[in-house]
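See below for the structure under consideration.
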Amino acid sequence: MKLLKASNLSKRFGNTDAVKGIDFHIEEGRCVSLLGPNGAGKTTTLKMLSGLLEPTSGSIDFKGEKAKDLRQFIGYLPQYPAFYNWMSGKEFLVFAGQLAKLNRKEAEKSSEELLERVGLTNAKKRKIGGYSGGMRQRLGLAQALIHRPKLLILDEPVSALDPLGRREVLEMMREIKEETTILFSTHVLHDAEEISDDILIINAGEIAISGSLGSVVGESRQPIIQIEFESQPADWLKSIASYSFVSEVNIQGNKTNIVLKDMKNGKHAILKDIVDRKLPIRKFETAQTTLEDLFMKVVKA
Ligand SMILES: Nc1ncnc2c1ncn2[C@@H]1O[C@H](COP(=O)(O)OP(=O)(O)OP(=O)(O)O)[C@@H](O)[C@H]1O
Ligand SMILES: [Mg+2]
């Protein structure tokens with residue numbers, strides 16, 4: 001069932017068309033990642049869905065009805081969350097609960113449950129000012145969930161975290177997605193591949209790709225040879241682009257990714273070149289293109 005549907009959604013800031021009439025929908029129970037380069041329009045889109053920004057045009061339907069005030073259905077964690085550092089974690093959650101129209105008792109109860117859930121029970125009386133980045137982000141998640149929203153929207157929930165904090169938040173999201181629909185933006189494609197069911201790639205204010213992760217990556221999947229050289233054989237790399245089985249050559253320092261149309265013939269011919277020309281390789285690997293390769297292709301286009 002469609003939980004949310006955006007139709008022809010646009011946002012213009014002065015002369016900038018940040019979001020250009022996009023259409024997409026979110027199925028209930030799915031975990032959806034919103035991907036796109038800096039400035040693509042991710043935050044603007046998420047803010048419109050959360051009711052923090054008025055769309056310039058277009059509409060948002062929630063469960064098939066025109067949405068007016070979605071705040072009771074949506075929990076939102078901003079890209080740069082601001083906390084009152086002088087409050088304790090618990091005080092902050094109770095405050096957030098009351099802002100979300102829970103009464104004091106409900107807010108207290110929900111706060112305790114969520115503190116437990118995000119692993120902050122022992123730190124609940126400490127001032128937020130003394131929390132680590134990972135703890136703050138977990139508190140942010142608890143805040144967004146305080147009123148049991150139907151849809152949890154997270155704007156880059158892990159980008160400011162170290163690997164440990166990132167792991168913690170991803171684990172939380174993995175648990176939350178069992179009961180709440182999630183839409184989150186990220187630059188970390190690996191995370192998107194790890195936990196999302198569906199993906200939306202937005203580029204320059206337009207949806208470039210949408211669909212289930214499996215179908216989107218599966219349909220675009222191509223065989224690839226990854227070679228690491230001791231020193232880069234520039235002339236040879238230039239020449240292989242003309243081979244009929246090569247569709248793309250991507251060079252990054254001493255590493256080269258060769259995207260192939262045909263793995264069997266391609267692998268054979270490239271290995272033969274390497275031997276015949278005594279090319280100084282350190283590593284030779286065959287693989288498949290990933291979400292990152294697809295992302296690069298879409299964004300560069
Ligand atoms: N309040 C604003 N006033 C003017 N322009 C804005 C405003 N907010 C966003 N923009 C512009 O809209 C475009 C989309 O910005 P947005 O923040 O939505 O991108 P993003 O995909 O979230 O980027 P990032 O990955 O850097 O967070 C950018 O060109 C940005 O400069
Ligand atoms: Mg953003």
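The basis for the numbers below is simple: all heavy atoms, side chains too, and nothing from hydrogens, waters or symmetry mates. Both counts, for ligands and for their atoms, begin at 1 and track the order of listing.
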Discussion item. Which residue and atom name correspond to the protein heavy atom nearest atom 28 (C) of ligand 1, and how close is it?
Written reply: Gly39 O, 3.9 Å
Worksheet entry | atom 26 (O) of ligand 1: nearest protein contact (heavy atom, Å) | Asn38 ND2, 2.9 Å
Practice prompt. For atom 29 (O) of ligand 1, find the nearest protein heavy atom and state the residue, atom name and distance (0.1 Å precision).
Written response: Thr16 CG2, 3.9 Å
Discussion item. Quiz question: by atom type and distance under 3.5 Å, do the side chains of Glu156 and His187 form a donor-acceptor pair?
Written reply: yes
Discussion item. Distance under 4.0 Å to a non-hydrogen atom of His187: what atoms of ligand 1 satisfy this?
Written reply: 25 (O)
Worksheet item: Testing Leu35, Val299, Ile209, Thr289 for side chain to side chain contact (heavy atoms under 4.5 Å, CB included) with Leu294, which one passes?
Response: Ile209
Practice prompt. Answer yes or no: does atom CD of Gln252 have more than 12 heavy-atom neighbours from other residues, nucleotides or ligands under 6.0 Å?
Written response: no
Worksheet item: Got a sec: does the CG of Asn103 have more than 12 other heavy atoms crowding it under 6.0 Å?
Response: yes
Worksheet item: Does Pro37 approach ligand 1 within less than 4.0 angstrom via side chain, backbone, both or neither, non-hydrogen atoms only?
Response: backbone
Worksheet entry | Close N or O approach (Ala18, ligand 1; < 3.5 Å) | no
Worksheet entry | ligand 1 atoms in contact with Thr43 (distance to a heavy atom under 4.0 Å) | 17 (O), 18 (O), 20 (P), 22 (O), 27 (O)
Worksheet entry | Polar side chain donor-acceptor pair, Thr43 to Asp155, under 3.5 angstrom | yes
Worksheet item: Just which atoms of ligand 1 are under 4.0 Å from any heavy atom in Glu156?
Response: 25 (O), 27 (O)
Discussion item. Between Asp262 and Lys267 (salt bridge meaning N to carboxylate O under 4.0 Å), is one present in this structure?
Written reply: no
Item to complete: Scan side-chain atoms only and decide if Thr181 and Glu28 contain a donor-acceptor pair under the 3.5 Å cut-off.
Response: no
Practice prompt. Please determine if Thr44 has a nitrogen or oxygen closer than 3.5 Å to a nitrogen or oxygen of ligand 1.
Written response: yes
Discussion item. Need the ligand 1 atom indices (1-based, order shown) with element for anything under 4.0 Å from a heavy-atom of Lys42.
Written reply: 18 (O), 19 (O), 20 (P), 21 (O), 22 (O), 23 (O), 24 (P), 25 (O)
Worksheet item: Less than 3.5 Å between some nitrogen or oxygen of Gln79 and one of ligand 1, yes or no?
Response: yes
Worksheet item: Can any side-chain N or O of Thr290 pair as donor or acceptor with the backbone N or O of Glu292 at less than 3.5 Å?
Response: yes
Worksheet item: Where is the nearest protein heavy atom to atom 19 (O) of ligand 1: which residue, which atom, and how far?
Response: Gly41 N, 3.3 Å
Discussion item. Would Lys11 pass as a cation-pi partner of Phe13, given that its NZ or CZ must be under 6.0 Å from the six-membered ring centre and within 45 degrees of the axis?
Written reply: yes
Worksheet item: Which angle, to the nearest 10 degrees, do you find at the Mg ion (ligand 2) between OG1 in Thr43 and OE1 in Gln79?
Response: 80°
Worksheet item: Counting only heavy atoms on the protein side, is anything nearer than 4.0 Å to atom 31 (O) of ligand 1?
Response: no
Worksheet item: Is the closest side-chain donor-acceptor distance between Ser57 and Ser10 under 3.5 Å?
Response: yes
Worksheet item: How about Ser185: does one of its N, O or S atoms come closer than 2.8 Å to the Mg ion (ligand 2)?
Response: no
Worksheet item: For Phe13 and ligand 1, does the shortest N/O to N/O distance drop below 3.5 Å?
Response: no
Worksheet item: Below 3.5 angstrom, do we get any N/O pair linking Gly36 and ligand 1?
Response: no
Worksheet item: Would a 4.0 Å cut-off, counted as strictly less than, catch a protein heavy atom around atom 4 (C) of ligand 1?
Response: yes
Discussion item. Can you tell me if Lys90 has over 12 outside heavy atoms packed within less than 6.0 Å of its NZ?
Written reply: yes
